[in-house]
Trainee: 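Structure in structure tokens, see below.
Computed from a predicted model, the values in this text were never measured in an experiment.
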Amino acid sequence: MVESRTILIAGAGIGGLTAALALADRGFRVVVLEQAPRLEPTGAGLQLSPNATRVLIGIGAAPKLSAVAVTPDAVRVRNAQGDDLARIPIGSAPQRYGAPYWVAHRGDLHSVLLKLCATRPDIKLVLGARVDEYAVHANGVTVASAGPTVVGEFSGLVLIGADGVWSRVRARLFDDGPALAAGRTAWRTLLPADAVAPEHRAPTVNLWLGRGAHLVHYPVRAGAMINLVAIAEDDEIVTGWSAPGLPEEVLEHFPAHRWSATARDLLARPQQWLRWSLHGRPAAREWGRGPVTLLGDAVHPTLPFLAQGAAMAIEDAAVLADALARRPDAPQAALRDYESRRRGRTAGIVRAARRNDLVYHLGQPAAALRDLAMRLVGGETVLARHDWVYEWQPPASFATPAPPVQAE
């Protein structure tokens with residue numbers, strides 16, 4: 001493989017690894033630079049809707065991922081008092097959209113992608129390599145890393161910043177300031193399935209809506225664990241994804257006079273929580289310059305109120321790999337093509353997530369009108385309003401699953 005076919009990716013998260021696999025499938029050599037000295041299966045549960053699973057199937061992740069994921073039958077929507085509002089039939093996704101709807105733990109998806117990358121001689125993962133500087137030149141771009149454990153330079157045709165909401169590549173590219181706190185804190189935890197009531201073990205995504213807060217829970221890890229995510233208005237800012245959270249502070253944001261005993265009982269069961277502050281950014285006018293571009297949360301961080309953050313990074317990876325494969329001899333033009341193809345859709349997703357932030361967290365009397373409207377329209381209609389999200393199709397090269405890869 002000639003050096004001119006080497007792609008540099010900053011960040012070994014879901015988007016970065018998906019992009020690495022998609023690019024390797026299209027004849028590129030990929031070097032993934034990850035600043036963490038080691039990778040751990042952290043994070044919360046993920047909802048992988050059909051627009052994302054199509055891509056994951058296309059890169060060969062389906063066999064191992066489907067073994068640890070759960071296929072939910074529906075999204076059950078309730079208000080904070082426990083009244084049922086709608087049952088959205090996402091179990092019909094294979095028939096309706098031609099691809100499954102899965103829920104999985106982020107760590108499980110990440111592990112599957114890492115194992116796939118490890119089977120590919122054309123993908124090199126370098127841990128402890130932070131992108132400190134990069135220089136653009138006639139043959140592409142050279143990245144300099146001064147740590148935390150790797151010191152050296154890496155050269156490639158292009159550099160893709162897939163390094164998350166606090167992207168170092170973005171800071172070097174635009175210097176447009178840090179991501180903005182959204183005034184929301186998310187707490188996450190896992191519970192053994194046998195530690196919760198039978199109704200919570202069902203293969204269903206449960207969504208509870210309340211004033212200034214909401215709760216999501218569903219089974220992951222082939223049904224062995226229950227993923228809980230509680231999100232509430234909170235001005236305290238914590239850094240990172242895994243700051244410790246206290247059980248009592250979670251319950252304080254879900255008070256008994258607003259929340260049903262069923263919801264509070266579930267929230268009271270975990271002894272440990274992890275917390276992180278949600279962040280966002282205004283829509284970017286530019287996604288890249290020259291041989292450098294951005295992907296996923298580095299360019300369009302998406303609040304988790306549409307369950308599309310990971311899906312957008314996965315979609316980005318597919319379109320980016322396709323754009324570079326179509327124009328390998330004009331990489332900068334290929335990057336601008338990728339950006340133009342993705343800008344409108346991701347902006348629409350970000351706006352829709354922000355609208356859901358308002359709808360989910362309404363107080364009275366607006367919440368009563370929301371509840372009535374959801375009951376009247378029903379789950380089928382709510383699902384139909386998401387068709388524009390779930391019907392997205394990746395480039396034609398992803399229509400046929402990639403050949404199976406033999407794991408070691």
Side-chain angles (χ1 to χ4, degrees), residues 9-23 43-59 61 65 90 93 97 99 101-104 106 109-110 113 160-167 169-170 179-180 182 186 216 229 241 276 278-288 293-323 335 337-357 385-395 398:
I9 299 177
I14 301 302
L17 295 180
T18 302
L21 290 161
L23 286 161
L46 295 174
Q47 296 186 50
L48 298 169
S49 48
N51 47 308
T53 58
R54 287 189 190 92
V55 178
L56 296 173
I57 291 168
I59 61 173
L65 182 57
I90 55 174
Y97 304 114
Y101 195 118
W102 290 328
V103 292
R106 182 191 180 280
L109 173 57
H110 196 240
L113 296 175
I160 301 167
D163 48 346
V165 69
W166 296 287
S167 170
V169 176
R170 179 175 182 139
L180 304 176
V216 180
V229 178
W241 297 98
W276 77 98
L278 303 185
H279 286 74
R281 286 184 180 274
R285 294 183 180 181
E286 291 182 280
W287 284 33
T293 195
L294 302 171
L295 178 153
D297 280 350
V299 64
H300 50 71
T302 307
L303 296 176
F305 307 126
L306 193 62
Q308 287 296 306
M312 289 302 101
I314 291 168
E315 287 186 17
D316 285 351
V319 176
L320 179 52
D322 178 72
L335 296 187
D337 175 50
Y338 148 72
E339 294 159 7
S340 67
R341 289 161 65 180
R342 293 298 297 157
R343 188 175 287 108
R345 175 166 171 82
T346 56
I349 293 289
V350 168
R351 287 193 299 269
R354 288 175 178 163
R355 285 196 298 270
N356 278 358
D357 183 5
R385 291 176 178 174
H386 289 77
D387 284 349
W388 71 278
V389 179
Y390 303 153
E391 286 177 346
W392 180 86
Q393 296 288 332
F398 286 83

Trainee: With sequence neighbours excluded, what pairs up with Arg170 under the side chain to side chain donor-acceptor pair (under 3.5 Å) test?
Mentor: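 So Arg170 forms a side chain to side chain donor-acceptor pair (under 3.5 Å) with Asp176.
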
Trainee: Which heavy-atom pair separates Pro50 from Ala93 by the least distance, and what is that distance?
Mentor: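 What the structure gives for the nearest pair is CG-CB, 3.8 Å.
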
Trainee: Please name the pair of heavy atoms, one in Ser49 and one in Gln308, separated by the smallest distance, quoted to 0.1 Å.
Mentor: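 Scanning both residues, the minimum pair turns out to be OG-NE2, 2.8 Å.
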
Trainee: Within the structure provided, determine whether His386 and Ile90 are in side-chain contact (heavy-atom separation under 4.5 Å).
Mentor: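 A side-chain contact is absent here, since even the closest heavy-atom pair is not under 4.5 Å.
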
Trainee: For Leu306 and Ala352, work out which heavy atoms get closest and say how close.
Mentor: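 Heavy-atom minimum between the residues: CD2-CB, 3.8 Å.
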
Trainee: Find out whether Asn51 and Arg345 are in side-chain contact, i.e. whether some heavy atom of one side chain is under 4.5 Å from a heavy atom of the other.
Mentor: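 Counting from C-beta outward, Asn51 and Arg345 do come under 4.5 Å.
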
Trainee: Over all heavy atoms of both residues, which pair between Gly13 and Arg106 is shortest? Give the atoms and the distance, please.
Mentor: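 Minimum heavy-atom separation between Gly13 and Arg106: CA-NH2, 3.9 Å.
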
Trainee: For Arg343, which residues count as a salt bridge (Lys or Arg N to Asp or Glu O under 4.0 Å) partner, sequence neighbours excluded?
Mentor: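 Not a single residue meets the salt bridge (Lys or Arg N to Asp or Glu O under 4.0 Å) criterion with Arg343.
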
Trainee: State the CG-CD1 distance between Leu65 and Ile57, to the nearest 0.5 angstrom.
Mentor: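 Reported value, rounded in 0.5 Å steps: 9.5 Å.
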
Trainee: Who passes ring-ring contact (aromatic ring centres under 6.0 Å, His included) against Trp392, sequence neighbours left out?
Mentor: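 Trp392 satisfies ring-ring contact (aromatic ring centres under 6.0 Å, His included) with no residue once adjacent residues are dropped.
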
Trainee: Within this structure, what is the OG1-CZ distance for the pair Thr346 and Arg351, rounded to the nearest 0.5 Å?
Mentor: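 That separation rounds to 9.0 Å.
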
Trainee: Drop me the distance from Leu21's CG to Leu113's CG, to the nearest 0.5 angstrom.
Mentor: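 The CG atom of Leu21 sits 6.0 Å away from the CG atom of Leu113.
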
Trainee: I'd like to check the ring-ring contact (aromatic ring centres under 6.0 Å, His included) partners of Trp388; sequence neighbours left out, ordered by chain and number.
Mentor: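 Trp388 satisfies ring-ring contact (aromatic ring centres under 6.0 Å, His included) with no residue once adjacent residues are dropped.
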
Trainee: Just jot down the side-chain contact (heavy atoms from CB on, under 4.5 Å) partners of Ala12, sequence neighbours excluded, or say none.
Mentor: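 Leu17, Val32, Glu34, Leu39, Leu125.
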
Trainee: My understanding is that only residues two or more places apart in sequence, or in another chain, count here; which of them pass ring-ring contact (aromatic ring centres under 6.0 Å, His included) with Tyr338?
Mentor: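 Tyr338: ring-ring contact (aromatic ring centres under 6.0 Å, His included) contacts with Trp287.
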
Trainee: Please find the pair of heavy atoms, one from Leu48 and one from Thr53, that lie closest to each other, and give the distance.
Mentor: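 Taking Leu48 first and Thr53 second, the nearest heavy atoms are O-CG2, 3.3 Å.
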
Trainee: Can you name the side chain to side chain donor-acceptor pair (under 3.5 Å) partners of Thr18, sequence neighbours left out?
Mentor: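 Partners of Thr18 by the side chain to side chain donor-acceptor pair (under 3.5 Å) criterion come out as none, since no residue qualifies.
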
Trainee: Could you tell me which non-hydrogen atom of Leu23 sits nearest to which non-hydrogen atom of Ala321, and how far apart they are?
Mentor: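 Minimum heavy-atom contact is CD2-CA, 3.7 Å.
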
Trainee: Mark yes or no for whether Asp357, through its side chain, and Phe305, through its backbone, hold a donor-acceptor pair below 3.5 Å.
Mentor: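 Checking the backbone N and O of Phe305 against the side chain of Asp357, no donor-acceptor pair under 3.5 Å is found.
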
Trainee: Under the salt bridge (Lys or Arg N to Asp or Glu O under 4.0 Å) rule, collect the residues that match up with Glu391, sequence neighbours excluded.
Mentor: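 By the salt bridge (Lys or Arg N to Asp or Glu O under 4.0 Å) rule, Glu391 matches no residue at all.
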
Trainee: According to side chain to side chain donor-acceptor pair (under 3.5 Å), who are the partners of Asp337, at least two apart in sequence or on a separate chain?
Mentor: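 Arg341.
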
Trainee: Who passes side chain to side chain donor-acceptor pair (under 3.5 Å) against Tyr390, sequence neighbours left out?
Mentor: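 In terms of side chain to side chain donor-acceptor pair (under 3.5 Å), with neighbours along the sequence ignored, Tyr390 is linked to no residue.
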
Trainee: Would you say the side chain of Leu335 lies within less than 4.5 Å of the side chain of Leu320, judging by non-hydrogen atoms?
Mentor: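 A side-chain contact exists here, since the closest heavy-atom pair is under 4.5 Å.
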
Trainee: Keeping Arg342 on the side-chain end and Leu295 on the backbone end, is there a donor-acceptor pair under 3.5 Å?
Mentor: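 Not confirmed, Arg342 side chain does not pair with Leu295 backbone.
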
Trainee: Report all side-chain donor-acceptor pairs from residues 296-304 shorter than 3.5 Å, counting only partners two or more places apart or in another chain.
Mentor:
unit_1, atom_1, unit_2, atom_2, d
His300, NE2, Asp316, OD2, 2.6
Thr302, OG1, His300, O, 2.9

Trainee: To the nearest 0.5 Å, tell me how far Leu294 CG sits from Glu339 CD.
Mentor: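 Spacing of CG (Leu294) from CD (Glu339) equals 8.0 Å.
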
